[in-house]
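The basis for the numbers below is simple: all heavy atoms, side chains too, and nothing from hydrogens, waters or symmetry mates. Remember, predicted model here, so these are calculated numbers, not experimental data. Below, chains carry the letters A, B, ... as their sequence lines are ordered, and counting in each starts from 1.
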Number of protein chains: 2
Amino acid sequence: MKGNIVVGQSGGPTAVINSSLAGVVSKARELGVKKIYGMHHGIQGFLNEDLVDMGEYIKEDKDIELLKRTPSAFLGSCRYKLPKIEGNEEVYDKIFAILEKYDIECLFYIGGNDSMDTIKMLSDYAALKGKTQRFMGVPKTIDNDLPITDHCPGYGSAAKYIATSLKEVIRDNASFGIEKPTVLICEIMGRHAGWLTAAAALSRDEDCEGPDMIYLPERTFDYDDFLARIKDLSVKKSSVVVAVSEGVKLADGRFVCELGGGSDFVDAFGHKQLSGCAVTLANKVAADTGLKTRAIEFSTLQRAATHVASLNDINEAFNVGYLACKAADEGQTGMMITIDVKERSPYQVGYGIYDIHQIANVERPVPDEWISEDGTDVLEGYVEYARPLILGELTPLMVNGVPKHLVLSRDSYRK
Amino acid sequence: MKGNIVVGQSGGPTAVINSSLAGVVSKARELGVKKIYGMHHGIQGFLNEDLVDMGEYIKEDKDIELLKRTPSAFLGSCRYKLPKIEGNEEVYDKIFAILEKYDIECLFYIGGNDSMDTIKMLSDYAALKGKTQRFMGVPKTIDNDLPITDHCPGYGSAAKYIATSLKEVIRDNASFGIEKPTVLICEIMGRHAGWLTAAAALSRDEDCEGPDMIYLPERTFDYDDFLARIKDLSVKKSSVVVAVSEGVKLADGRFVCELGGGSDFVDAFGHKQLSGCAVTLANKVAADTGLKTRAIEFSTLQRAATHVASLNDINEAFNVGYLACKAADEGQTGMMITIDVKERSPYQVGYGIYDIHQIANVERPVPDEWISEDGTDVLEGYVEYARPLILGELTPLMVNGVPKHLVLSRDSYRK
């Protein structure tokens, strides 16, 4: 590669999105790329020519190791969707003018559905106008809802955090309950797809019975049936634990959190801002049963907890970044690197490359055959699928009792 | 020691309360104690003769190691306060009858303020009636509010979890904010004392600026002043993070969570059940400023996250249990083991023993000189105090990608 490269991070961060950045940067360093630019706050920052010189931060291998151990988006993220090309050529012309100004030959975008759309649009525009720059997508999403790839980097670590934390709070909840059980309701991220909530099942082992019920957004939530099950469990058990997706909906189409109010902000992509599903259910169950209830929202902890990230996930995140850079160097454009699992046990993984047009804007739900018939649990097929994704740990670099991170010097305070 | 012993766990669990149990059991095994009983669900279970034979679970050293890595109360806990002796002799007679029936010579109770009261009452009753059984308190509380002891086992690990998780969500929050900052409000446990919330300051280092403000319950919360500070920060910064104790109160004596409703359940000790302080503030700030806000409650995760426990804390928790058993063997009763810090850097720790009457029912707040004059932060004196308590890690035993625990076989399902 003769020119420079630029890499951006977009959408909700994950525990390993910086491993993908580390992968892109590592391969670019191997290739002798002169300038490795980072977009400060994704394509939105790029449009303001807000660029980071990665060479200032990654000078030796230990910097790569620290970047791999740093949660959230090192470069800053954004939620910005490119407009359609027709009638908005000035946005695209601006992007390509900046690419030319900085002699950027390849652009890498690490993100989920909306970010892969950015790669699609840019590569389409390049094809339309005969531009030579190349555009590669690097998959990232804790939601695990991208198609084609077996799974998405970021998911394994979020799943490991959920399984670990749930196992710990299950023990906590079991410590009381001498007279009546406490009903613990844990809310897990995932607006449309239940992949993260399904990870609650990974807490199950011979030393942990796991949650009593798991509710995914793939199925309609029936409060009366739920309440009847809670009442039944509360007689038999001294601890009742439920995992529920933030995105579960009632038969009438309302979100469960709307049962008792809850906020209804809308983000830049028009996604409904959900919160309070577990709190809503906990309050309602307490009122309807007199049982003590408790709600826990794993919140952004589940995408930020790099201290307990999955080693398999960190390595795969690194590799998809590395391979995206390699593929771009070999002339590919408008593609995304995929993870292809050869064997689940013992785990054997390979990588592929796929046309971005088949990936962008397509969401993959949890397969129906992995959800129990009554819709209150996930089945062994899911556990077999997900188990290898949470295996292994990467020791954090602990300084003064907390994990050390690599950070942008201009973070937080405005320029 | 010729007789048997019994050990119980009481009050809110911690990440290391089982290390104290491991310490008691280890010393008892060394002493050749024949039967090491555990109270299933503390003194409340003991009153029902619900006893666990620890010999069934601790057969070799690796069982001790696994117990040290297990969160929450292995034996189950309770919130049960013994009634005053006058007029309630039948409760005490029943306890002593059970002690005699099982040939129990020493009783150990691992807990906080309310649990130390149990030890005080039982040793008072023994003195009153000329009983020979001995009673020893083993300190435990994430709240860190016991007097005399430098700090309480359980606090260091909760503080480490808070510092680690806060550092991670600070990075997460910093990843957006290209146009306007998100105001992140993190709610931390601690009804009356701000020790846990103060631990938010431990996230600060050269790679993390930490929270912008820290609000302890030791100071009155002024919403208008708070809002003015948020508005000011939101102009200067691309990320605003506030740590706030669940127990902060307004000048009129109401809890902050009562600004916008919030639950007002009362627990068995008459403590007000707080929740939603961060949610209340996040909603109110969003309404008053138009800024995007987010609330995170660290909830029971902060007392259950043994996977990131402090090694110093684990060791000290073990030692206070071990030394309580040693002291009881040597004839002591009505006492609690204390932690005496000789030097904070490099950290040097010793242990003492203290009359339970000076400890039970006394709460120790964060010293005034460690809180900033404007009440929005903690000072360096606190950081010097707390830093050694969060140092070191004990590698979890990971099985199938999640930490392995030692569990009571009869947990959760009712007998």
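The OG atom of Ser238(B) sits 7.0 Å away from atom NE2 of His40(A), with the distance rounded to the nearest 0.5 Å. Ser299(A) contributes atom OG, which lies 9.5 Å from atom CD of Glu297(B) (distance to the nearest 0.5 angstrom).
Of the listed residues (Thr395(B), Thr306(B), Asn48(B), Leu406(B)), the greatest number of heavy-atom pairs within a distance under 4.5 Å of chain A belongs to Thr306(B). Among the candidates Gly156(A), Gly392(A), Gly401(A), the residue making the largest number of heavy-atom pairs closer than 4.5 Å to chain B is Gly401(A). With respect to chain B, the highest number of heavy-atom pairs below 4.5 Å among Asn312(A), Ile390(A), Leu311(A), Val241(A) belongs to Ile390(A). Taking chain B as the reference chain and counting heavy-atom pairs below 4.5 Å, the highest number among Pro403(A), Ala163(A), Pro388(A) is found for Pro403(A). The candidate with the highest count of non-hydrogen atom pairs below 4.5 Å against chain A, out of Leu391(B), Ile296(B), Leu184(B), Asn173(B), is Ile296(B).
In this structure, no portion of Ile170(A) lies under 4.5 Å from any heavy atom of chain B. Both the backbone and the side chain of Ser77(A) come within less than 4.5 Å of a heavy atom of chain B. In this structure, chain B has no heavy atom under 4.5 Å from any part of Gln9(A). For chain A, the nearby parts of Thr164(B) are the backbone and the side chain; heavy atoms of each come within less than 4.5 Å. Proximity to chain A is limited to the side chain of Thr70(B), based on heavy atoms less than 4.5 angstrom apart. Of the atoms belonging to Leu389(B), not a single heavy atom falls under 4.5 Å from chain A.
If you run side chain to side chain contact (heavy atoms under 4.5 Å, CB included) between Phe176(A) and each of Pro13(B), Ser72(B), Cys78(B), only Pro13(B) comes through.
Using a cutoff of 4.0 Å between basic side-chain nitrogens and carboxylate oxygens, Glu168(A) and Arg303(B) are not scored as salt-bridged.
Between His307(B) and His307(A) there is a side-chain heavy-atom pair separated by less than 4.5 Å. At a threshold of 4.5 Å between non-hydrogen side-chain atoms, the residues Glu206(B) and Lys404(A) count as touching. Residues Phe298(A) and Leu301(B) are in side-chain contact: their nearest non-hydrogen atoms beyond the backbone lie under 4.5 Å apart. Annotation: side chain of Asp172(A) is not in contact with side chain of Pro71(B) (no heavy-atom distance under 4.5 Å).
At least one donor-acceptor pair under 3.5 Å links the side chain of Arg387(B) to the backbone N or O of Asn400(A). Looking at Asp207(A), its side chain does come within 3.5 Å of a backbone N or O of His405(B) through a donor-acceptor pair. Looking at His41(A), its side chain never comes within 3.5 Å of a backbone N or O of Gly177(B) through a donor-acceptor pair. No side-chain donor-acceptor contact under 3.5 Å links Lys160(A) to the backbone of Val402(B).
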